[in-house]
Structure formats: C-alpha cells, structure tokens
Asks: 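Shown below is the structure under consideration.
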Amino acid sequence: MPFARINADPRVMEFFPQSLSRVESDDLARRCRDLIARRGWGFWAVELKGRSDFIGIVGLNEPQHRLPCSPCIEIGWRLSFGHWGKGFATEAGTTALRFAFEELNLDEVVAFTTLMNRRSREVMKRLGMVNTNRDFIHPALTPGHPLSMHVLYSISRSGWNEREEIKRESTP
Ligand SMILES: CC(C)(COP(=O)(O)OP(=O)(O)OC[C@H]1O[C@@H](n2cnc3c(N)ncnc32)[C@H](O)[C@@H]1OP(=O)(O)O)[C@@H](O)C(=O)NCCC(=O)NCCS
C-alpha cells in the first residue's frame, strides 16, 4: 500500500515523533476518507497528472489539539520522498488554498510545523503564507522534546486574493 510505505519512510517522517505502522497508516487513511465523505473536504490523495500514481496527501484539516490559532483550519502535506523537489506540494497546496478561500469562503488558513522542518516552511512561503511569529509548543509533545517547538504561518483571504490578482495581471 503506497500510503503505508510513505508513512513508514524515516526520511518522510523525520519531523514527526515516529513513523507509522501499517495499522496506524491504514487507520489514518480511513479517517481521511471518512472526513472527506462527511464534510466534502480534508486531506486529499495526490496523484501525478495523466497517471494514477498515488504520491501522497495534501489538504485541509481542523486541528483537534488546542493551538494558539484555535479554532482554525490548517493546510498540510506529506509526499513520498521520490516526489520531493518537483513543486508538487506547492501545486497541490495552491489548489487546496483555492478550495479553502473560493469554495469554503474561509477568512484564514494556517500551517504549522516543527521549527527545523525547512522544506515544509519553504512550501508555506511559496504559497504566500507569512510567519505569524507566534511560535508554540505543540500540545502533543513534552516541552523538552526536540520537535516540540512549532512555527505558525498564515494566509488571509485578502492575501490570497492579492496573489491571485497579481497572477491574473501577469498572465498575457
Ligand atoms: C514538506 C514537503 C511536502 C515538501 O516537498 P517539496 O517537494 O520540497 O515541496 P514543493 O512541492 O513545493 O517543491 C519545491 C521544490 O521543487 C522545486 N520545483 C520544481 N518545479 C517547481 C514548481 N513548478 N513550483 C515550485 N517548486 C518547484 C523547487 O525548486 C524546490 O526544490 P528544492 O527544495 O530542491 O529547492 C515534503 O518534504 C514532505 O512530504 N515532507 C515530509 C512530510 C512533512 O514534513 N510534512 C509537513 C509536516 S507539517
């Protein structure tokens, strides 16, 4: 199962407390599927265009932990290691943000990750998200845990609209 392989890959899971077992991965897949069936949105499967290869998940989620932004909707991503470095997370993230602002009419979307997750932070920046400078200790981790300190990025609906306007103006 490709999702289980992704969740068991220590390179992909470097900035999570642990990689997932097959059972945990299947459970996560089931929860993602159930949430999409119930609400119409969530962490979607990402496939390569024109092919059916599953390469990971990107999407929107309502964090269950109490965070400095709560209540909030986050955007997140997890791709197979072999598909990093090609812009796929940014492409799928743009689609997810479009859905958030144009279909769900949200006012804001946030993203958070552990301080050291440079690749994830770069995706946030490429999507036009800004660092709120409201770093926080993730409530699922003990304060001394090396992954506990998180950054919080955000994009507002007006920020999204401005970027879309700039894109439209620069398209011949
Ligand atoms: C976070 C993660 C999704 C980022 O993947 P990524 O491939 O680095 O991100 P993008 O899809 O935006 O691709 C950007 C890279 O593709 C390159 N690229 C090529 N074409 C591109 C395009 N059209 N648009 C944007 N970037 C492009 C960029 O130059 C950049 O390369 P570089 O990082 O080697 O400099 C990935 O590292 C991952 O799945 N990590 C594990 C899970 C994780 O940590 N998730 C976040 C938890 S909060």
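Order of appearance sets the numbers: ligands from 1, and atoms from 1 within every ligand. Computed over heavy atoms, backbone and side chain alike; hydrogens, waters and symmetry mates excluded. Worth saying up front: this structure is predicted, and the values here are computed from it rather than measured.
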Asks: Connecting only ILVMFWY residues whose side-chain heavy atoms lie within less than 4.5 Å of each other, what is the rest of Phe112's hydrophobic cluster?
Replies: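 Taking Ile, Leu, Val, Met, Phe, Trp and Tyr as members, Phe112 shares its hydrophobic cluster with Leu67, Val110, Phe136, Leu152.
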Asks: Hey, could you give me the CG/CZ distance between Asn161 and Arg168, rounded to the nearest 0.5 Å?
Replies: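 Rounded to the nearest 0.5 Å, the CG-CZ separation comes out at 7.5 Å.
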Asks: Are more than 12 heavy atoms, taken from residues, nucleotides or ligands other than Lys167, located less than 6.0 Å from that residue's NZ atom?
Replies: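 Yes, because the 6.0 Å sphere around NZ of Lys167 holds more than 12 heavy atoms from other groups.
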Asks: Quick one: look up the protein heavy atom nearest atom 39 (O) of ligand 1 and list residue, atom name and how far away it is.
Replies: Leu79 N, 2.8 Å
Asks: Between NZ of Lys125 and OH of Tyr153, what distance do you get to the nearest 0.5 Å?
Replies: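 One finds 5.0 Å between NZ of Lys125 and OH of Tyr153.
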Asks: Using a strict 4.0 Å cut-off to heavy atoms of Thr113, name the atoms of ligand 1 that fall inside it.
Replies: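 Going through ligand 1 atom by atom, the ones under 4.0 Å from Thr113 are 48 (S).
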Asks: Give a yes or no on whether a salt bridge exists between Glu122 and Arg119, defined as a side-chain N under 4.0 angstrom from a carboxylate O.
Replies: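 The answer is no: the pair does not qualify as a salt bridge.
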Asks: I need the nearest protein heavy-atom contact for atom 12 (O) of ligand 1: residue, atom name and distance, please.
Replies: Thr90 OG1, 2.4 Å
Asks: What part of Val123, side chain from CB on, backbone N/CA/C/O, both or neither, has a heavy atom under 4.0 Å from ligand 1?
Replies: side chain
Asks: Report the residues that fulfil side-chain hydrogen bond (donor to acceptor under 3.5 Å, both in side chains) with His83, sequence neighbours left out, ordered by chain and then residue number.
Replies: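 Applying side-chain hydrogen bond (donor to acceptor under 3.5 Å, both in side chains) to His83 gives Ser80.
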Asks: May I ask you to decide whether Arg22 forms a salt bridge with Asp26, counting only side-chain N to carboxylate O separations under 4.0 Å?
Replies: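 Counted as a salt bridge, because a side-chain N and a carboxylate O are separated by less than 4.0 Å.
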Asks: Enter the distance from Phe15:CZ to Arg121:CZ here, rounded to the nearest 0.5 Å.
Replies: 11.0 Å
Asks: With heavy atoms only and a cut-off of under 4.0 Å, state how Phe112 meets ligand 1: side chain, backbone, both or neither.
Replies: backbone
Asks: Can you report which non-hydrogen protein atom sits closest to atom 19 (C) of ligand 1, along with the distance?
Replies: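 Here the closest protein heavy atom is Lys86 C, 3.6 Å.
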Asks: Is atom 16 (O) of ligand 1 less than 4.0 angstrom from some protein heavy atom?
Replies: yes
Asks: Answer yes or no: does an N/O atom from Gly87 fall short of 3.5 Å to an N/O atom of ligand 1?
Replies: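 Yes, Gly87 has an N/O under 3.5 Å of an N/O on ligand 1.
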Asks: Under 4.0 Å from atom 29 (O) of ligand 1, is there at least one protein heavy atom?
Replies: no
Asks: Specify side chain, backbone, both or neither for Trp77, according to which of its non-hydrogen atoms lie closer than 4.0 Å to ligand 1.
Replies: both
Asks: Kindly confirm or rule out a cation-pi arrangement of Arg39 over Trp41, judged by NZ or CZ under 6.0 Å from the six-membered ring centre and within 45° of its axis?
Replies: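 So Arg39 does make the cation-pi contact.
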Asks: Got the closest protein heavy atom to atom 5 (O) of ligand 1, with its distance?
Replies: Ala89 CB, 4.1 Å
Asks: Answer with side chain, backbone, both or neither: which part of Thr114 has a heavy atom less than 4.0 angstrom from an atom of ligand 1?
Replies: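 None of Thr114 does.
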Asks: Do me a favour and list the nearest non-hydrogen protein atom to atom 7 (O) of ligand 1 with residue, atom name and distance?
Replies: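 Here the nearest protein heavy atom works out to Gly85 N, 2.7 Å.
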Asks: Where the closest heavy atom to atom 14 (C) of ligand 1 is concerned, which of Glu14, Arg126, Glu122 has it?
Replies: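 Among Glu14, Arg126, Glu122, the closest heavy atom to atom 14 (C) of ligand 1 comes from Arg126.
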Asks: So which protein heavy atom does atom 8 (O) of ligand 1 come closest to, and at what separation?
Replies: Arg119 NH1, 2.4 Å
Asks: Give the numbers and elements of all ligand 1 atoms closer than 4.0 Å to a heavy atom of Asn117.
Replies: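 Every atom of ligand 1 under 4.0 Å from some heavy atom of Asn117: 43 (C), 44 (O), 46 (C), 47 (C).
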Asks: Considering only protein heavy atoms, which is closest to atom 40 (N) of ligand 1, and at what distance to one decimal place?
Replies: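 Protein heavy atom at minimum distance: Trp84 CZ2, 3.2 Å.
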Asks: Quick check on Phe88 - does any of its heavy atoms sit under 4.0 Å from an atom of ligand 1?
Replies: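 So Phe88 counts as touching ligand 1.
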Asks: Geometry only, no angles: is Arg78 polar-contacting ligand 1 at N/O separations under 3.5 Å?
Replies: no
Asks: Under the 4.0 Å line, does any protein heavy atom show up next to atom 10 (P) of ligand 1?
Replies: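 Within 4.0 Å of atom 10 (P) of ligand 1, protein heavy atoms are found.
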Asks: Looking at ligand 1, does any of its N/O atoms fall within less than 3.5 Å of an N/O of Val12?
Replies: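 No.
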Asks: Which is closest to atom 46 (C) of ligand 1 in terms of heavy atoms, Gly76, Ala92, Ser120?
Replies: Ser120
Asks: Are any of the side-chain heavy atoms of Leu60 and Leu104 separated by less than 4.5 Å?
Replies: yes
Asks: Could you tell me if the side chain of Leu141 sits less than 4.5 Å from the side chain of Leu147, heavy atoms only?
Replies: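 Yes, side chains in contact.
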Asks: Side chains of Ile137 and His145: does their closest heavy-atom pair fall under 4.5 Å?
Replies: no
Asks: Using a strict cut-off of less than 4.0 Å between a Lys/Arg side-chain nitrogen and an Asp/Glu carboxylate oxygen, indicate whether Asp27 and Arg30 qualify as a salt bridge.
Replies: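 Salt bridge flag = yes for Arg30 with Asp27.
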Asks: Pairs of nitrogen or oxygen atoms closer than 3.5 Å, one from Phe16 and one from ligand 1: do any exist?
Replies: no
Asks: Could you tell me whether a side-chain N or O of Ser70 sits under 3.5 Å from a main-chain N or O of Arg66, the two making a donor and an acceptor?
Replies: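 Between the backbone of Arg66 and the side chain of Ser70 there is no qualifying donor-acceptor contact (under 3.5 Å).
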